2 protein chains.
Amino acid sequence: MRTRDRILEQSLGLFNAEGLPRVSTNRIAAELQISPGNLYYHFRSKEQIVEWLIRRLEQRIAPLADPAVAVVALDDWWLTLHLGLEAITAYRFLYRDMDFLLHEYPRCGARVQHQVALSVRAAMRQCQQLLAAGVLRANAAEIAALARQIVFTATCWPTYSRLMHIGEAGAEGPEHAAYYLLALMSPYVDGASRQYLDYLRSKYVR
Amino acid sequence: MRTRDRILEQSLGLFNAEGLPRVSTNRIAAELQISPGNLYYHFRSKEQIVEWLIRRLEQRIAPLADPAVAVVALDDWWLTLHLGLEAITAYRFLYRDMDFLLHEYPRCGARVQHQVALSVRAAMRQCQQLLAAGVLRANAAEIAALARQIVFTATCWPTYSRLMHIGEAGAEGPEHAAYYLLALMSPYVDGASRQYLDYLRSKYVR
DNA sequence: GTCTATATGCGGATAGAC
DNA sequence: GTCTATCCGCATATAGAC
């Protein structure tokens, strides 16, 4: 089953680099120096390749949204968020062309939608834990809006940033998004936690 | 020149409803009950249709980014932002498939990029005016991050919202984005202005 | 498992008559 | 200005030999 894995790996790389709709199955095969027919022996369709890639992403982010994980300090939140950003970066093609995904491969699109919905719920849970721990100071409406903003920014900022600074190195990496995520959180944090947050933020100044 | 305008109007409607890549020139012609050849008599290419639509959008938002406009009260800011959101909604297909746009029609993509860059600059100017007027309370770094967040949210939230709540009415309208834009601004506003902001926000609760 | 060859369909765009 | 007919190229996917 070696060829199968090579197809998945090469597809992920090409999809991230050039975008799902612009990478044809013929292209993937050519890049791997195998025939198109061979590729279709391993995967019934292009959609199936995408579906297996999504499966890998799901396994990677599932532990981050696990309710059992306690988030009681800013550090816990930050680690979780950073791991999430890295996962999103590694599979950024899914978020980059979501409109295409949803229309061309509805099953895949629905799965990504579901993952994002789970992330929103997890973000709310984590914000509430931080509130209970006294790290955050905000009312219920603010918490809800903040959690949604966090997930929105984490998923969409890399794409936005890439579009606006096309060709610039690192524009789609997690660092750009990280800075703005800290900025979102900042007004609701004070005391010692706020100092730590400012410290983190200073590491991401451009 | 009647047919030409009908083509533009119909294209805009179809692009917004189904997305730029999924609406073919043949489809536009069929919908208007004219022949594909006729369409290509009026526009050399599909790209030219898009280019004329962008031109209309540019004319619509230019006055909103005009440095001559004074933004000294929360009300001024809110009006400008709301007009901007309505313009984005009216031409949402441009933001919905920006990756496609940038790769397939680089000239068009660059123009939209340029418009967004202008919007960021305008947002910063306006935030600084609000700061000077005592409506906002923030340092320079916070102002810069806030202005970027505002433009990012205004341009990307409608698309994100639509993808997450596909089929739901109003998900891509300006209202959803409006609520979160006010939430972004809120922590940096206090006193009488804050009360007014909360009042505005209450009108958009879901 | 892997290849070659090919079916099938669609989208953008053009030619030339009316 | 508008039509009909058609070219061209590409992408997904399949058939059948090796």
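Order of the sequence lines sets the chain letters (A, B, ...), proteins ahead of strands, with each chain counted from 1. Keep in mind it's a predicted model, so treat the numbers as computed, not measured.
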Can you tell me the distance, in whole Å, between the CZ atom of B/Phe43 and the P atom of C/dG11? 20 Å
What is the nucleic acid contact for A/Ser24, judged by heavy atoms within less than 4.0 Å: base, sugar-phosphate only, or nothing? sugar-phosphate
Could you tell me the separation between the CD atom of B/Glu31 and the C1' atom of C/dG11, rounded to a whole number of Å? 16 Å
Expressed as a whole number of angstroms, how long is the span from A/Lys46:NZ to D/dC10:P? 15 Å
When you get a sec, tell me which of C/dG1, D/dG1, D/dT12 is the closest nucleotide to the side chain of B/His42? D/dG1
Between CG of A/Leu39 and P of C/dT4 the distance, given in whole Å, is 14 Å
Check whether more than 12 heavy atoms from other residues, nucleotides or ligands sit under 6.0 Å from atom CZ of B/Arg107, and answer yes or no. no
Taking CD from B/Gln48 and C1' from C/dA13, how many angstroms apart are they, rounded to a whole number? 13 Å
State which of D/dT12, C/dT4, D/dT2 makes the closest approach to the side chain of A/Pro36. C/dT4
With a 4.5 Å limit on heavy-atom distance, are the side chains of B/Arg22 and B/Arg27 in contact? no
Kindly say whether B/Thr159 contributes a backbone atom to a donor-acceptor pair with the side chain of B/Arg92 at under 3.5 angstrom? no
Look at the side chain of B/Asn26 and decide which nucleotide, out of D/dT2, C/dA13, C/dC3, has an atom nearest to it. C/dA13
Calculate the interatomic distance between A/Arg22 atom CZ and D/dC10 atom P; express it in whole Å. 16 Å
In whole angstroms, how far is the P atom of D/dA11 from the CZ atom of A/Phe100? 11 Å
OP1, OP2 of D/dT12 versus side-chain N and O of A/Thr25: anything below 4.0 Å? yes
Check whether more than 12 heavy atoms from other residues, nucleotides or ligands sit under 6.0 Å from atom NE2 of A/His103, and answer yes or no. yes
For a quick test of reading the model, state the closest non-hydrogen atom pair linking A/Tyr188 to B/Pro187 and the distance between them. OH-CG, 3.4 Å
Quick note, B/Tyr40 side chain, CB onward, closest among C/dT4, D/dT12, C/dG12 is C/dG12
Taking CG from A/Asn38 and P from C/dA5, how many angstroms apart are they, rounded to a whole number? 16 Å
